[in-house]
Number of protein chains: 2
Amino acid sequence: MTPSFDHLVKQLKKLPGLGFRSAERIALHVLVEQPDQMSGLVQALDSASKRVKRCVRCGNLSEEELCGICEDSRRDESVLCVVEQVPDLLAIESSGSFRGLYHVLHGKLSPIKGIGPDKLNLESLEKRLNEGKHSEVVLALGNDIEGEATCYYIMDTLIGESPIKVSRIGFGLPSGGGILYADQITLKSAMDGRRSYHR
Amino acid sequence: MTPSFDHLVKQLKKLPGLGFRSAERIALHVLVEQPDQMSGLVQALDSASKRVKRCVRCGNLSEEELCGICEDSRRDESVLCVVEQVPDLLAIESSGSFRGLYHVLHGKLSPIKGIGPDKLNLESLEKRLNEGKHSEVVLALGNDIEGEATCYYIMDTLIGESPIKVSRIGFGLPSGGGILYADQITLKSAMDGRRSYHR
């Protein structure tokens, strides 16, 4: 089209979930259809990139030293939920199934990708665990190889002999999913994780 | 989440094709996962919004006075294709089915939405038609009520008694679509637009 237009489409295409068509559609939208939205968008990107940083305690997004969850005195600080990424935290929050505090690792161990313990937010997790405020840790990491390795590292190196109760989130059939459609690993997790029927 | 983050998600949600989930995913991407892409994106938006304007002749996007298509001497300037929006032009271009010049109206007539002839890029169309360079006009506008009204206006007011040959793009069954799945209006267009079978 034009050099700046093509460059914009190329930049937009890098965003997750956008292909060439949707990137082109968005570029046309902000340039032709709704140019008045452009400055608002640029400002919002700019100000978010300047203001949003990591909570120094848990690694969640925050504009202050501590994030809204760490600051919230109504949360149960005895339980700590360890997640890989901020989106995982958001998903658990929106399910309303957890009222404790979080710790975001910002990745998982992967020797193949060269991600060792020093690349993850683990030092501050160790510090938090040593403070003795948290009596329970829920490891909400995936059950792929890297998730398993990360859980093992946390158990072995950070928890060690400490009396902290550690659990992993349950794996099994997703709600609404039939046995017919589940893959082998999910079925194995569901079998391994079976619970006695209360009657 | 945080005020700047929520504001960014709100701005992103205004873009076409993005819902809350995809906007949130993009915001997390540029803030947490790939913060190095942020400045490139902001710059691309900013520079495109400053540089990209309308071709003074045809209304297509351009960074110069005239767009690449108007400047291209290999195009057949005897045929003019009138489209509603820039995306329509892009779609026809990528089909490779047209080698003439374009004229982008940037909308269609709609008394209900208060869009009269003065709101569209019609004045320059009239000027181009009066120049006498174009012997054929293809109206590539939709066959909804507003598209029909716009075609009628162009025929009645701009073409009038002039000897210019005017046609509308064909309507009918989309390629690969079965008769079974076509809606009534499409089937009617396909019947009305039937062509004699050459053998």
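Every chain is numbered from 1 and lettered A, B, ... according to where its sequence line falls, protein lines coming before strand lines.
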Fill in: Point-to-point distance, once rounded to the nearest 0.5 Å, from CG of A:Leu90 to CZ of B:Arg25
13.5 Å

Practice prompt. Pick one of side chain, backbone, both or neither for B:Leu45, based on which atoms fall under 4.5 Å of a heavy atom in chain A.
Written response: both

Worksheet item: In terms of heavy-atom pairs under 4.5 Å, which option from A:Ser62, A:Ser47, A:Gly68, A:Pro3 contacts chain B the most?
Response: A:Pro3

Worksheet entry | Under 4.5 Å from any heavy atom of chain A - which part of B:Ile26 | both

Practice prompt. For B:Leu41 and A:Gln11, work out which heavy atoms get closest and say how close.
Written response: N-OE1, 3.6 Å

Worksheet item: Which heavy atom in A:Glu33 sits nearest to a heavy atom in B:Pro87, and how many Å separate them?
Response: OE2-CG, 4.3 Å

Worksheet entry | Part of B:Glu93 within contact of chain A (heavy atom distance under 4.5 Å) | neither

Worksheet item: Where on A:Leu28 is there a heavy atom nearer than 4.5 Å to chain B: the side chain, the backbone, both, or neither?
Response: side chain

Fill in: Partner chain B: residue of A:Lys53, A:Gln34, A:Gln37, A:His7 with the largest heavy-atom pair count (under 4.5 Å)
A:Gln37

Practice prompt. Name the option with the most non-hydrogen atom pairs under 4.5 Å to chain A; the candidates are B:Met38, B:Lys50, B:Arg51, B:Glu24.
Written response: B:Met38

Worksheet item: Which bit of B:Pro35 comes within less than 4.5 Å of chain A, counting heavy atoms only: side chain, backbone, both or neither?
Response: neither

Worksheet entry | Sub-4.5 Å side-chain heavy-atom contact between B:Ser49 and A:Val30 | no

Worksheet item: If you count heavy-atom pairs under 4.5 Å with chain B, which of A:Ile69, A:Leu61, A:Val32 comes out on top?
Response: A:Leu61

Item to complete: Name the region of B:Ser22, side chain, backbone, both or neither, that has any atom closer than 4.5 Å to a heavy atom of chain A.
Response: neither

Practice prompt. Kindly work out whether a path of hydrophobic side-chain contacts (I/L/V/M/F/W/Y, heavy atoms less than 4.5 Å apart) joins A:Leu66 to A:Val83.
Written response: no

Worksheet entry | Atom of B:Val52, atom of A:Phe5 and distance for their closest heavy-atom approach | CG2-N, 4.1 Å

Response to the item:
In this structure, NE2 of B:His29 is separated from NZ of A:Lys14 (nearest 0.5 Å) by 9.0 Å

Discussion item. If I compare all heavy atoms of B:Leu8 with all of A:Ala48, which pair ends up nearest, and what's the gap?
Written reply: CD2-CB, 3.8 Å

Discussion item. Would the distance check show the side chain of B:Glu63 and the main-chain N or O of A:Ser4 forming a donor-acceptor pair, the cut-off being under 3.5 Å?
Written reply: yes

Worksheet, complete the sentence: Of B:Pro16, B:Ala27, B:Gly17, the largest count of non-hydrogen pairs under 4.5 angstrom with chain A goes to B:Pro16

Worksheet item: For chain B, which residues of residues 119-155 of chain A have at least one non-hydrogen atom nearer than 4.5 Å to it?
Response: none

Worksheet item: Under the side chain to side chain donor-acceptor pair (under 3.5 Å) test, which residues partner B:Ser78, sequence neighbours left out?
Response: B:Asp76

